[in-house]
Amino acid sequence: MFSFLTEILIKNGKGIHAYRACAERGYEAAGEKPDAAAAFFLLARSAEMFVDMNERMPITSKDIDAAFAQFQSNVEALDSAWTNGSERETTKALNFVAHSLMTRGT
């Protein structure tokens with residue numbers, strides 16, 4: 001359900017422009033899918049934070065790989081929770097992603 005956001009990053013090179021496109025599409029999806037709006041919002045905000053932190057700064061390929069790995073982990077956690085369908089798992093995944101944003105920034 002959320003993996004198309006990861007695909008945007010892969011197809012567009014995992015750089016600033018890719019994360020900007022990912023954020024835009026994530027925000028659109030949050031408006032289009034109210035049942036998953038919180039998840040899409042968190043992922044879009046995560047992508048937007050990457051842009052904000054790195055837009056005018058040089059970034060290493062190691063940093064890009066780390067940011068992508070974290071983003072992908074968040075997507076996988078949300079995909080798994082939504083596939084499972086349990087409210088408990090969904091809440092747990094949303095908290096995992098929110099905590100990730102608060103502690104790591106992506």
Side-chain angles (χ1 to χ4, degrees):
M1 175 174 211
F2 306 99
S3 60
F4 74 92
L5 294 173
T6 305
E7 292 169 16
I8 290 170
L9 297 178
I10 293 168
K11 288 179 184 177
N12 293 289
K14 301 179 192 173
I16 297 294
H17 298 296
Y19 277 90
R20 185 174 286 119
C22 180
E24 289 171 3
R25 187 60 192 110
Y27 286 130
E28 288 172 7
E32 295 166 354
K33 300 180 185 207
D35 291 345
F40 279 117
F41 178 83
L42 287 173
L43 292 171
R45 182 64 189 126
S46 173
E48 186 175 56
M49 287 171 67
F50 177 90
V51 173
D52 291 345
M53 288 188 306
N54 299 294
E55 190 167 34
R56 292 189 170 93
M57 305 280 289
I59 185 166
T60 67
S61 60
K62 181 180 175 182
D63 291 336
I64 288 172
D65 290 344
F68 179 76
Q70 185 58 52
F71 189 86
Q72 188 172 32
S73 174
N74 290 342
V75 166
E76 289 170 357
L78 292 168
D79 271 338
S80 177
W82 256 257
T83 300
N84 179 347
S86 127
E87 280 187 43
R88 185 177 190 285
E89 289 302 311
T90 301
T91 301
K92 185 177 174 181
L94 288 170
N95 285 327
F96 171 81
V97 173
H99 184 262
S100 165
L101 292 177
M102 294 303 298
T103 59
R104 292 181 203 83
T106 56

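Counting begins at 1 with the first residue of the sequence.
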**OP:** Under the side chain to side chain donor-acceptor pair (under 3.5 Å) rule, collect the residues that match up with T83, sequence neighbours excluded.
**Re:** none
**OP:** Determine which pairs satisfy salt bridge (Lys or Arg N to Asp or Glu O under 4.0 Å) with at least one residue from residues 69-93, sequence neighbours left out, and list them in order.
**Re:** none
**OP:** Write out all pairs satisfying salt bridge (Lys or Arg N to Asp or Glu O under 4.0 Å) with one or both partners inside residues 46-60, taking only residues at least two apart or from two chains.
**Re:** R20-E55, R45-E48, R45-D52
Original post:
Within a strict 4.5 Å, meaning less than it, do heavy atoms of the C22 and F71 side chains meet?
Top reply: yes
Original post:
Does A21 have any side-chain contact (heavy atoms from CB on, under 4.5 Å) partners at least two apart in sequence or in another chain, and if so, which?
Top reply: I8
**OP:** Kindly give the heavy-atom pair with the smallest separation between A98 and L42, and that separation in Å.
**Re:** N-CD1, 4.2 Å
**OP:** Under the side-chain contact (heavy atoms from CB on, under 4.5 Å) rule, collect the residues that match up with S73, sequence neighbours excluded.
**Re:** Q70, F96
**OP:** State, with a plain yes or no, whether a side-chain heavy atom of F40 is found less than 4.5 Å away from one of Y27.
**Re:** no
Original post:
Do F4 and F41 belong together in a cluster built from hydrophobic side chains that touch within less than 4.5 Å?
Top reply: no
Subject >> Heavy-atom closest pair, residues A30 and A37 >> reply: O-CB, 3.4 Å
Subject >> side chain to side chain contact (heavy atoms under 4.5 Å, CB included) partner of Y19, chosen from I64, N54, L9 >> reply: L9
Subject >> Taking every non-hydrogen atom, the tightest pair across G26 and A44 >> reply: C-CB, 3.7 Å
Subject >> side-chain contact (heavy atoms from CB on, under 4.5 Å) involving D65 - partner list, sequence neighbours excluded >> reply: none
Original post:
Is I16 linked to L5 within one hydrophobic cluster, defined over Ile, Leu, Val, Met, Phe, Trp and Tyr using a side-chain heavy-atom separation of less than 4.5 Å?
Top reply: yes
Original post:
Do F2 and N74 touch side chain to side chain, with heavy atoms closer than 4.5 Å?
Top reply: no
Original post:
How many angstroms lie between CG in L43 and CG in L101, if you round to the nearest 0.5 Å?
Top reply: 8.0 Å
**OP:** Quick one: list whatever passes ring pair (Phe, Tyr, Trp, His ring centres under 6.0 Å) with F68, sequence neighbours left out.
**Re:** none
**OP:** Apply side-chain contact (heavy atoms from CB on, under 4.5 Å) to S61 and list each qualifying residue two or more places apart in sequence or on a separate chain.
**Re:** none
Original post:
Which residue pairs pass the salt bridge (Lys or Arg N to Asp or Glu O under 4.0 Å) test with at least one member in residues 29-40, sequence neighbours excluded?
Top reply: R25-E32
Original post:
Taking side chain as C-beta onward, heavy atoms only, is V75 less than 4.5 Å from V97?
Top reply: no
**OP:** Could I get the full list of side chain to side chain donor-acceptor pair (under 3.5 Å) partners for N84, not counting sequence neighbours?
**Re:** none
Subject >> Heavy-atom pair with the smallest gap, counting every atom of W82 and M1 >> reply: CD1-SD, 3.4 Å
**OP:** Can you measure from CG (N12) to CD (E7) and round to the nearest 0.5 angstrom?
**Re:** 11.5 Å
